[in-house]
Amino acid sequence: MNTGMDHTVKAFDDELSELRGMISEMGGRSEQALVQAMDALARHDLDLADRVIAGDKAIDALEAEVEKRVVQVMALRAPMADDLREMVAALKIAGVVERIGDYGKNIAKRVHRMSEGRSSEAVALLQSMAEIAGEMVHDVLDAFAARDADVAVQVCERDQAVDDFYNSIFRTLVTFMMENPRNIGESAHLMFVAKNIERIGDHATNVAEMVYYAVTGDRLPERERGDSPTDAAKG
Amino acid sequence: MSTDTSDAVSATGSPNAKMTARDVSVFYGDKQAINSVSIDVDRDNVTAFIGPSGCGKSTFLRTLNRMNDTIPSARVEGEIKLDGEDIYASAMDVVQLRARVGMVFQKPNPFPKSIYDNVAYGPKIHGLADNKGEMDTIVERSLKRAGLWEEVKDRLTDSGTALSGGQQQRLCIARAIAVDPEVILMDEPCSALDPIATAKIEELIHELRGRYAIVIVTHNMQQAARVSQRTAFFHLGTLVEYGLTTDIFTNPRETRTKDYITGRYG
């Protein structure tokens, strides 16, 4: 994004790097929330689920802090060109990453409402799906930190895999519910978990688009973006 | 903001060009201050020249109404046209040219005369008014267009130098407007003014747009972003980049432009 040259006003560089640090931390915490929520779901670990729920407050606080800092930088430094695009991206990315954290929290909350000892095929699929979505979140925030448009494009392309998993899990759960109506409550929860992970993939894609814009100044071409899940599986 | 829908503006070839410069170079003695600049100045837009000190933006601005003629060692090469007419042609009347291409300077420079006489001076020497009534009309219209009429209408006989800095600058703009110019060149018109006076000048520039082609040199990039639709970035005597102001400040194509406007310049 920049030429590697520092600003004449060094304090400006310090402020920018602090902001980047906060965004990275938000990303790390959101990714961790997803990983731990899925872990808690798989092992029915209620303590871990509670920790994920409590940890969301830190992400919310970081978002508020990022918002405050961006407004300050805009007011005091009047950033231009790539600096301006980065500030706008930082503001939007913080909002999206906060949402990603919320989805992780929502998955953790469901652990309490579900019974122990499930071994449905869907749960295994959910773990694989969550792994891809978590990597997308991780990689797209690395792309922001490194100002790497190519990595951002790769993240967008991976959203298709998340959507494919979602469609597959949707069919699996519907079949499962039809087989035995007593599975419906449990399956409905898992359906929401799948939907949450699918949304995390979409949000990571949104972040990738913002990173691409911040780096290049151009909108990501439409064909590079991942498609939405098929209508049949839209919840 | 710009009404233009195109993504980019080339420096030359605008169908809407009021002034055209081709391969213009300026020398002060042996020293070359401007190196082969080609650019079109739009009729209906405000064009801002930005760049670090010594980049040649003011020098280039002054070639547009031959203000450099007053410097004995200055030499201008290349071609500059106003509505297709070569302004450096021997047949060009320089006094007439400067009436068509007016100028406002960094430091307000009203004559030590009354407010009325400051505005009436140009129309008088160019014979634009046949009688007192016509002159009164020109003075009132010019002061109104310069946004100064309400503040001075009851004291037109006071000295121009008794006004505040911001009022003096608007008086100078009224003086430039009074001879009904086609182009107004402004060389850092707000750098000696406070923020309120600056805002009034910027509002005035906005109102004058369309009536006159306006070119403004400014060190204040925020100001360039606020008042202009086209921005040209000069560096070391060359035109580095010229484009829509929105593009220059959000997504400049040249690294040198970006480094300058983001505060990374050297």
_Exam field: side chain B:Thr262 to backbone A:Ala81, donor-acceptor pair closer than 3.5 Å_ = no
*Within a strict 4.5 Å, meaning less than it, do heavy atoms of the B:Ile261 and A:Asp83 side chains meet?*
no
*Sub-4.5 Å side-chain heavy-atom contact between B:Gln222 and A:Met80*: yes
*Where does B:Arg253 contact chain A at under 4.5 Å (heavy atoms): side chain, backbone, both or neither?*
side chain
_Against B:Asn251, only a single residue in A:Thr216, A:Leu84, A:Asp218 fulfils side chain to side chain contact (heavy atoms under 4.5 Å, CB included); can you say which?_
A:Asp218
*Kindly check if the number of other-residue, nucleotide or ligand heavy atoms within 6.0 Å of CZ (A:Phe192) is above 12?*
no
*Step through the shown structure and confirm whether more than 12 heavy atoms of other residues, nucleotides or ligands are within 6.0 Å of NZ on A:Lys68.*
no
*Let me know which of A:Asp13, A:Asp82, A:Asp6 forms a salt bridge (charged side-chain N to carboxylate O under 4.0 Å, His left out) with B:Arg264.*
A:Asp82
